[in-house]
Amino acid sequence: MSGTTAVLCLCLVYGLMHQMEASVLNCIPRKTVTYSNGSIKTFMKPGSSNFSTLLVSEETDTLFVGARDAMFALDLNDISREIDSEDWFATRDRQLECIRRGKDKVDCRNYILLLHKINDTHLYVCGTNAFYPTCDYMVINRTDIHLQRKSEESRGRCPFEPTLKYASLLVDGAFYSATSNNFLGTEPIILRSLRNHLRTEFKASWLNEPSFVYMDIVQESESNPDGDDDKIYMFFTETAVEFEFYDKLLVSRIARVCKGDLGGKRTLQKRWTSFLKSSLLCSVPESNFQFNIVQDVFLLRKADWQESIFYGIFTQQWGRLDISAVCAFSMKTVQEVFTKGNYKGPVTVENSQIKWVVFRGEVPLPRPGACIDNFARNSGYNTSLDLPDKILQFVRDHPLMDKTVNSVGDRPVLLKRGSNYTRIVVDRITGLDKKTYDVLFVGTDNGYLHKALNCDGEMFIVEEIQLFQSPEPVQSLKLSSRKGFNSEY
Ligand SMILES: *[C@@H]1O[C@H](CO)[C@@H](O)[C@H](O)[C@H]1NC(C)=O
Ligand SMILES: *[C@@H]1O[C@H](CO)[C@@H](O)[C@H](O)[C@H]1NC(C)=O
């Protein structure tokens, strides 16, 4: 792909279900589909590049795409067909200011990184806007899309830097974002905006040089006997504070907050009172393979939320860098760690060094970091604003759980040498034998898509599809339940 007439390549992969049923039954060995013999649709536009984000609208059969300085609406049935587009540039003054502050000219553009549906007529969109992150509303009127042009500075909602990893989610009119809050990229934040603004404390024990990869909601309030709240889960890699090590040791984390959190009244005012995190363990027990860097995650939802599974792609910080692992984490395990597990706490050892160890003291009640549930309500705490300072101080100082979230079976469900996995989506299908199968679709850094499924207890790659002619990383994968699915570099 040539640098200047950057081409976008969006691919719709064919007749998924049929193929799948056949392969489930036979457990057929790996089949490779190359770029030329696959029936892949591509969207390209001269002058357009950096197609960073996708949003599927099944109701209107539209695929929205955020790119550099522009957004596109494509026909979901044939993504090579553009329905409409809208330019969104950083002003010349903004670009000059960005360059003056020492940033590379090519990064001083408007990279549109976030696209969220608000309702049938409005999307919420955010771009880096030459290191001046900005969000706006996009109005959809049948085949016409246009920006409302009522943009405002939106730090904490969208990265300043186009290459920085981030995660976001829009639920019930509230916008959750995990990114950096400043120009230098030194202040990480998990923010809720648009409604009931709340943010994380700026403390290394909360977030320590994190690289965010994923965020999603689990509707835990559904038929919940404890009257518990829905929770937003986020995934990131960060520098560990709890291990002593001569070098920076990275750890993968799962963190969560409660949807109904309103912050504290004095302590943790406008801050999350329910931010708790734990480490994710993805390793091969009989070897010393520790997959400590999470690259992407996908939540496979089940009818009963307790049966839902997070699938994650992991790589190693040291050792064999060309091995990727896929680990699965059950909601049950996640829930157990956060609702029953011990906390870690800091203790000062010699040379006034801080060590994080399991907290053995008395934990106040209601359980710090828990959502407002029946127990809290029965104790007279109807919102987080009612919680006593003692509880809030505890959760502020003990955001890390002692127990790790271990993967299903205590090992990866898939290990792959020679491929660096970048993105994952998972579908659950019913085979002709009436059994259900989890089918993994994993994108690689050289433009391939691997389709893997469980055959007789072992996950294996049944198909490998070359998505792009040149070896470009797969940067985004979206599942469309009716159409097969889309991917992009
Ligand atoms: C959709 O959301 C926009 C932006 O919040 C709002 O102005 C508009 O009234 C909403 N439309 C409907 C039909 O709810
Ligand atoms: C934008 O695309 C160009 C060309 O593919 C690539 O070199 C550059 O790294 C991309 N920038 C970002 C911020 O993704």
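Please read these numbers as outputs of a predicted model, since none were measured by experiment. Counting starts at 1 for both ligands and their atoms, in listed order.
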Side-chain donor/acceptor of Ser52 to backbone N/O of Asn50, under 3.5 Å: yes
Element-labelled atoms of ligand 2 that are located less than 4.0 Å from some non-hydrogen atom of Tyr111: 13 (C)
Centroid-centroid distance, His116 to Phe175, less than 6.0 Å: yes
Near-ring test Phe236/Phe212, centroid separation under 6.0 angstrom: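 Judged by ring-centre distance (under 6.0 Å), Phe212 and Phe236 do meet the cut-off.
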Subset of ligand 1 atoms that lie under 4.0 Å from at least one heavy atom of Ile118: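 Reading through ligand 1 atom by atom, the close ones are 2 (O).
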Heavy-atom side-chain proximity of Leu170 to Tyr176 below 4.5 angstrom: no
Per-atom contact, atom 14 (O) of ligand 1, protein heavy atoms, under 4.0 angstrom: yes
Residue that, paired with Phe64, satisfies side chain to side chain contact (heavy atoms under 4.5 Å, CB included) out of Ile112, Ile83, Ile145: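 One option only clears the test, and that one is Ile145.
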Geometric N/O contact Thr163 with ligand 2, under 3.5 angstrom: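 Not met; the criterion fails.
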Close N or O approach (Asn119, ligand 1; < 3.5 Å):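 Between Asn119 and ligand 1 (N or O atoms, distance only) the closest approach is under 3.5 Å.
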